[in-house]
Amino acid sequence: MSKPETTNAEIIRLLSLMGHFLEIKGENPFRVRAYERAAQTLSGLTRNLSEMAPEELGNLPGIGPGMTAHIQEILSHGNLKDLETIKKQIPEGIIKLLDIQGMGPKRAKLLWQTLKIDSIEALKKAAVEGKLRDLPGFGEKLEQSILKGADFAQAAAKRMLIWDARTIAADIVQRLKKSGVVVEAVAAGSLRRGKETVGDLDILTTARNGSKAIEFFTKLEQVERVLGAGETKATVWLKNQIQCDFRVVAPDSFGAALLYFTGSKEHNVVLREQALKLGMTINEYGIFKLTKGKAGRKVASKTEEEIYKALGMKWIPPELRENRGEIQAARSNKLPKLIELQDIRGDFHNHTKLTDGANALEEMAEAARAMGWEWVFVGDHSQSLKVANGLSPADLHRTIKEAQEFNAKSKGFRIFRSMEVDILKDGRMDYTDEDLGAIGAVIAAVHTHFKISGDEMTKRVIRAIENSHVDIIAHLSGRLLNRREPYEINVEEVLGAAAKNQTALELNGQPERQDIFDTQAKRAKELGVPLVLTTDAHSVHQFGYIQIALNIARRAWLEKQDLLNTMSAKEICEWLGN
DNA sequence: GCCGTTTTCGGCCCGACTGTTTTCAGTCG
């Protein structure tokens, strides 16, 4: 009997843990960075590491001989000898201490070596008893700040959905702009990069009087607690339970600061390395000629475009700034022309009040038309999904007729009556072939039995992909951000099957779903899988979620021609073969 | 530990803020 397969996630966890341990040990920081980098590279992979040859692993960025050996060792033994050795020297609980604001590897190591502190609970106890203040480099203030940080560690661990974060950031930006204390105000960071979730908000402003701007910001009514405030930056904890970093620079430095504050950190590091090679140096104030190892004459600073240009490359859209090949692409003028909102002509997946939606078919159609679209797929859940009041075959045929009647009298706008049909546990569909044939467009999705093995799930979904009635696969992860992990599935195999059968895959815009991952969508494009953006709207107010789906598409390097949403109603008909 | 449009060895981004210190270490992004 073969032993259970080691997942990519487990390998990533162990390598990342190894990096943390080495950091605590006080190892060479670049060696630590190598583990972080490797974990980051692997997390963007769609293929199973267990199916990759050593030379393929070695070709991945940040994976050299050492990491390849580590990966193979984990695959064959389920663990790492080096890691087990370190665990005997340093208790694993210490790693948790690093989640605390103001607690880094040096302090964590000191606390453990002197006071035997190896958990957040032990740390709190020691701080309350006033035992930290006498340690070298510590004092009463640091003791208090660490105690507060320990209470906060759990709350801060959750990342906020981008949809919520955007609203909060927009409100703060509004207030800053109205105040008159700043010239410009903009949300940067992972929010600007369009990530699924954000860990904190980054607000960049320009002002002639920086300290006035800082004062205004730290006194906003949304601020619960000021974590730090200086001349040019402030960090606060908002009542909305998220950290907000604020930065102010002179108007002349806006572009440089925006670049710096948008990140990602990895993207910025590579840009700075590039600059050094060209005899320049980049900071948040601009890009400068390097003279005698120091920043000399300023080359550019006002706009991001100027700075990229000084580095010999085109401006890179924020969604691509993850150090996943965008810098090389920009240098060789091979950046994609990313899809934009105005390219989209319709939505493929949403629901009416017949099942778990809030509005009637006509209302959904009107709302879609108001988005400026030309057509919309309106769907509902299939019979077995009882929690969502799934449609019986009789209801199904009635609503198909309803859509036909709408189209008969509608001018310049078209409804495609679709259904989100459950993929049953064994891969069969939740309606008969005859019923499926009557539906204009079939969207197949897994909604039940999430816990089956990766092998079973892969077979199950591929069986649906191979079903000639199925047009689109939805929810190819089943995750609920912050609530439910993705189900296990071999994405690479599924993408291969989708490409072969020309079954489309969905990029879902529901804020807490956002299946599939950007890296998977990028891989899908490479393999030639048709892709669709969907809102999965459950009311007329949710068509705006197309923006979230668009974020995924842009992070996945997708262009207009990669998405079926850019087709006309006529072209959609041809694609469906109707 | 990784990597190469100077290098297969010797580099590996940069600055703000805090709290501890008497000039700087640690942390953060």
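Throughout, a chain's letter reflects where its sequence line sits, starting with A, and its residues are numbered from 1. Only this structure's heavy atoms are used, side chains among them; waters, hydrogens and symmetry mates stay out.
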Go through [options] for me and flag the one nearest to the [X] side chain.
X: A:R33; options: B:dT20, B:dG1, B:dC13; answer: B:dC13
X: A:M67; options: B:dG29, B:dG1, B:dC14; answer: B:dG1
X: A:K233; options: B:dG15, B:dC14, B:dG1; answer: B:dG15
X: A:K106; options: B:dG26, B:dG29, B:dG1; answer: B:dG26
X: A:K265; options: B:dG26, B:dC13, B:dC2; answer: B:dC13
X: A:E231; options: B:dC13, B:dC17, B:dG29; answer: B:dC17

Would you indicate, yes or no, if [N] has its OP1 or OP2 atom less than 4.0 angstrom from a side-chain nitrogen or oxygen of [X]?
X: A:Q144; N: B:dG19; value: no
X: A:R31; N: B:dG1; value: yes
X: A:Y285; N: B:dA16; value: yes
X: A:R133; N: B:dT20; value: no
X: A:T281; N: B:dC14; value: yes
X: A:N283; N: B:dG15; value: yes

Interatomic distance, [X] [atom1] vs [N] [atom2] [rounded to whole Å]:
X: A:I146; N: B:dA25; atom1: CD1; atom2: C1'; value: 14 Å
X: A:H267; N: B:dC14; atom1: NE2; atom2: C1'; value: 15 Å
X: A:K277; N: B:dT6; atom1: NZ; atom2: P; value: 9 Å

- Message: Classify the ring geometry of A:F246 against A:F217: parallel below 30°, tilted from 30° to 60°, perpendicular beyond 60°.
- Response: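 A:F246 vs A:F217 ring planes: parallel.
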- Message: Against the six-membered ring of A:F216, is A:R175 placed for a cation-pi contact (under 6.0 Å from the centre, within 45° of the normal)?
- Response: no
- Message: I need the single residue from A:E23, A:H20, A:H70 that forms a side-chain hydrogen bond (donor to acceptor under 3.5 Å, both in side chains) with A:Y35. Which is it?
- Response: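 For A:Y35, the side-chain hydrogen bond (donor to acceptor under 3.5 Å, both in side chains) test succeeds with only one of A:E23, A:H20, A:H70, which is A:H70.
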- Query: In Å, rounded to the nearest 0.5 Å, how long is the span from CG of A:D171 to CG of A:L176?
  - Reply: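 So the CG of A:D171 and the CG of A:L176 are separated by 9.5 Å.
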